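Excluded from the calculations below are hydrogen atoms, water molecules and symmetry mates; all remaining heavy atoms, backbone and side chain alike, are included. Just so you know, ligand 1 is whichever comes first in the structure, and atom 1 is the first atom listed for that ligand. In this text the structure is predicted, and so the values were computed from the model without any measurement.
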Amino acid sequence: MKGNIMNRARKWLAIGFATVVASSVFYVPTVAAHGEKSQAAFLRMRTIHWYDLRWSKDQIAVNETYTMSGKFRVFSDWPEAVRHPHVSFLNVGQPGPVSTRMSSYINDVFVPRSVGIELGGDYSFSVELKGRRPGTWHVHTMMNIEGGGPLIGPGKYITITGNIEDFENPITDLTGNTVDIERLGLGTIVGWHVFWYVLGIAWMWWWARRPMFLPRYMRVEAGEANDLVTDTDKKVTLGVMVGVLVIVLYGYESAEGKHPVTVPLQAGLLGDIDPLPVNYDAMVSVDVLKANYRVPGRTITMKLEVTNHTDEVISIGEFATGGIRFLNPDVIVDDTDYPDNLLAPEGLEVSQQDIAPGETVVVEVAGTDAAWEVERMADVIYDPDSRFGGLLFFVDPEGNRMPIPVGGPLVPIFV
Ligand SMILES: [Cu+2]
């Protein structure tokens, strides 16, 4: 009976093992997701909207730099689950320092620390990155919000060629020395750690040469504890004690002599950055009359009341949400080499494209693409707040783009 159960267990183990092996052999990942897909769709649609993104290159060599730049809108209908972005950090989503961040700017303010950004504001940003580790890496724009977590922007594949051994990161400090921070102080750090570690081992060896436990225990029990520590032991102990103090003092003095000018870590919130001085929302007003999405499906539809406050004819060119861009090909053709998996070049259908100056119209807009499912926006069905947000881009005859936020309840349709 027992042997029977064991046999059956073995059989199922073998089947399970074979299944795991087989599935991993046949599984070929195509487009890798890097965290953002698993985040709640309503959070991704109602926090930071990245747009006008540009990557100066997507092929670089080790030590070569590229720039990731663009704009972002801080959505005004910010979800309760994320704290307001008064302490935010402009980050880069990549698997470790495959490239190093040389500089980052928001509205031309250098932002090595956290900053505050305002709800409803538009900002420009740029990040310069320097190739370090060869490979093909999916690099994301990203904003970390204190009390909210990582808000991950669109990711693009960047290929770095060369050899990591050639990577250099030279900086000139304020005392005029040029140092390579890739290797700066490495010898000193390793040297001191090894030295103290060896000293600790030597101290233990000094005592552990002699029998350690039972004989000593018995002699302590017999009242002969004092005989366990010899005169030589006492001299060695004193020598080590004085030696350690002298070496610490020497180390301190020599470090002071070598680096007479040092400053503490520079930290602290850089304060609020003012949004770009352009008020797109005053140019066009959009009311969402209703918005739906089909379950299962890959389409979001909106009925919008649009008023054109400008004195030019404007056209609906794009709807963007959660990094996905649905384009109306008659108005906008992407020339930025936007990531394929997030781009729907012909994904936007509109019942009326052009809106005359001063005119108020009701427009039906439908965004359709596999990305809606692949990026799991359709998973808004699982979210506790079925509201969406996004940017609708209107384009004037000169080609200027006006991002106008849209948002509101998003109601699923099941039949
Ligand atoms: Cu990624």
Chemist: Test your reading of the model: is there a side-chain donor-acceptor pair from Asn107 to the backbone of Asp274, 3.5 Å cut-off?
Modeler: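 Checking the backbone N and O of Asp274 against the side chain of Asn107, a donor-acceptor pair under 3.5 Å is found.
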
Chemist: For the Cu ion (ligand 1), find the closest N/O/S atom on His34 and give its atom name.
Modeler: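 It is ND1, the N, O or S atom of His34 closest to the Cu ion (ligand 1).
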
Chemist: My understanding is that only one of Phe72, Tyr105, Tyr51, Trp50 makes a ring pair (Phe, Tyr, Trp, His ring centres under 6.0 Å) with Tyr123; could you say which?
Modeler: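 Of the listed options, the one satisfying the test is Phe72.
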
Chemist: Given Val236 and Val240, is the side-chain contact (heavy atoms from CB on, under 4.5 Å) satisfied, shown in steps?
Modeler: CA-CA 6 Å; Val236 167; Val240 169; 4.2 Å; yes

Chemist: If you consider just the N/O/S atoms, which atom of His140 is the closest one to the Cu ion (ligand 1)?
Modeler: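 Looking only at N, O and S atoms of His140, the one nearest the Cu ion (ligand 1) is named NE2.
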
Chemist: Of all N, O or S atoms in His138, which has the smallest distance to the Cu ion (ligand 1)?
Modeler: ND1

Chemist: Side chain of Asn308, backbone of Ile355: donor and acceptor closer than 3.5 Å?
Modeler: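 Yes; at least one donor-acceptor contact below 3.5 Å.
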
